[in-house]
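These notes are about the structure you will find just below.
Everything numeric in this text was worked out from a predicted model, so none of it was measured. Just so you know, ligand 1 is whichever comes first in the structure, and atom 1 is the first atom listed for that ligand.
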Amino acid sequence: VDLSTKVAGLSLPNLLFNASGVCCQTETDLKLMIESESGSLITKSATYEYREGNPSPRYLPLPSGLGSINSMGLPNEGYEYYLNFAKNYDYSSKKPLFISLSGLSLADNVKMCEAFVAAELPCVLEVNFSCPNVPGKPQLGYDMEAMESALNVLAPLIKKPFGVKLPPYFDIAHFDTAATIFNKFDNLVYVTCINSVGNGLAIDFETESALIKPKDGFGGLGGLMVLNTALANVNAFYRRLPGKQVIGVGGVTSGKEVFLHVLAGASAVQIGTTLKEEGPTVFARINKELTDIMIAKGYKSLDEFRGKVKTL
Ligand SMILES: O=C(O)c1[nH]c(=O)[nH]c(=O)c1I
């Protein structure tokens, strides 16, 4: 059974990697990803300067076991740290490297993209339009005009194939509008769907308190509970972006959800909450589970069923 795939022209030995933000903020984290059975890795979204992020507790798995809530607040080492990591990365390692950028302004995104473009590295840039947890900064992904304006500046600047990380959309008209924008940019070769479902609220029954400290307890939701929204966003953009690819993320706890993401159209699949809770051994487990599912169903490669979800 062949779990390999191609994204943005790069070959991934298998389709699994981390969701940006999980197991990827420091070199220690990133080394764990390199040593894991993942097919690639992506760095924590970078801002121009180092950021401490929001006060803790800022991430928790939910007592229900159905997911997680986070309001990290974009903690990261600053973009130069990840530029340096990218300069020292062993690109002969077969594991492609993705770099996530989430500038607090278009000017910051421009400066960070210019620095990465100037370095002429084989890593793939992904612009994060969907961080839900920086107080006072609305998600660009929910402002269609602002997102198009940003892409009008960033796509020509990046020149090479790149991707964007999107928030979940919940209205067909939004899928249509967003896809129309993305189809204007030839080098925008993939979208990653979905980021966390923004601004949920987890309340503890006993203490009658919000679970996390930042933003009165409001934070992005992840894990199994967001699976069906994730599958919808993957399939909506798979149908609307001919010639482009979709990376699926949201709700992956086993090979079964990975299989569903590929059926919905995903070229690669990321793991967030389950990676955070289980650790990097999750990649070996889920690759094996997916292999067993494909053998049971008689599939030899991902191409045989990618995007082939049936309708009634
Ligand atoms: O709070 C965060 O750091 C964060 N949390 C998320 O759930 N998604 C994001 O893109 C980010 I940048």
Side-chain angles (χ1 to χ4, degrees), residues 17-26 29-30 41-62 66-79 81-82 98-106 108-109 112 125-143 146-147 150 162-169 190-202 210-227 229-230 233 247-252 270-277:
F17 58 121
N18 61 302
S20 176
V22 183
C23 197
C24 60
Q25 179 168 338
T26 65
D29 298 334
L30 291 161
L41 63 157
I42 185 167
T43 56
K44 168 68 186 175
S45 291
T47 47
Y48 194 75
E49 305 288 346
Y50 165 86
R51 280 176 62 88
E52 189 65 37
N54 292 336
S56 293
R58 58 192 191 182
Y59 167 88
L60 277 170
L62 295 175
L66 295 179
S68 65
I69 187 165
N70 94 81
S71 187
M72 307 301 288
L74 242 179
N76 74 97
E77 309 302 310
Y79 87 98
Y81 182 96
Y82 304 102
F98 293 76
I99 297 288
S100 177
L101 300 175
S102 186
L104 297 177
S105 66
L106 179 55
D108 280 3
N109 271 326
M112 294 191 289
L125 296 184
E126 179 177 288
V127 183
N128 182 0
F129 283 150
S130 45
C131 179
N133 301 319
V134 179
K137 301 292 294 179
Q139 295 191 55
L140 208 63
Y142 288 151
D143 181 339
M147 190 161 59
F162 76 106
V164 295
K165 177 72 172 281
L166 297 175
Y169 297 102
Y190 77 85
V191 296
T192 300
C193 302
I194 59 174
N195 209 315
S196 55
V197 173
N199 295 296
L201 176 60
L211 285 191
I212 57 173
K213 187 175 174 69
K215 296 174 54 179
D216 296 327
F218 284 63
L221 302 175
L224 190 59
M225 81 170 92
V226 307
L227 173 67
T229 291
N233 278 260
I247 295 179
V249 48
V252 174
Q270 299 174 344
I271 307 174
T273 300
T274 307
L275 170 59
K276 176 80 177 176
E277 293 305 307

*asked:* When you compare the side chain of Y48 with that of L104, does any pair of heavy atoms fall below 4.5 Å?
replied: no

*At under 4.0 Å between heavy atoms, which part of P132 makes contact with ligand 1: side chain, backbone, both or neither?*
side chain

_Which of the ligand 1 atoms, numbered from 1, are nearer than 4.0 Å to a heavy atom of L74_ = 1 (O), 2 (C), 3 (O), 12 (I)

*Determine, using heavy atoms of G73 and all atoms of ligand 1, whether some pair is separated by less than 4.0 Å.*
yes

*asked:* Under a 3.5 Å threshold, yes or no: a donor from one side chain and an acceptor from the other, between T273 and S68?
replied: yes

*Using a strict 4.0 Å cut-off to heavy atoms of P75, name the atoms of ligand 1 that fall inside it.*
3 (O)

*Using heavy atoms and a threshold below 4.0 Å, how should the contact between N128 and ligand 1 be classified: side chain, backbone, both, or neither?*
side chain

_Taking the side chain as everything from C-beta on, heavy atoms only, tell me whether T47 gets closer than 4.5 Å to D108._
no

*Between S45 and N76, do the side chains contain an N or O donor and an N or O acceptor separated by less than 3.5 Å?*
no

_Distance from atom 8 (N) of ligand 1 to nearest protein heavy atom, with residue and atom_ = N195 OD1, 2.7 Å

*Protein heavy-atom partner closest to atom 11 (C) of ligand 1 - residue, atom, separation in Å*: C131 SG, 3.3 Å

*With heavy atoms of M72 as the reference, note each atom of ligand 1 found under 4.0 Å away.*
1 (O), 2 (C), 3 (O)

*Report yes if the side chains of E77 and Q25 come closer than 4.5 Å at any heavy-atom pair, otherwise no.*
yes

*Can K165 be said to touch ligand 1, with heavy atoms closer than 4.0 Å?*
no

*asked:* Quick one about K215 and N199 (side-chain donor to acceptor, distance below 3.5 Å, no hydrogens or angles considered), yes or no?
replied: yes

_Min side-chain heavy-atom separation M225-V197 under 4.5 Å_ = no

*Have a look at ligand 1 and work out which part of K137, if any, has a heavy atom under 4.0 Å from it: side chain, backbone, both or neither.*
neither

*Can a donor-acceptor pair be found between the side chains of N18 and S20 at a distance below 3.5 Å?*
no

*ligand 1 versus N70: contacting region, heavy-atom distance under 4.0 Å*: side chain

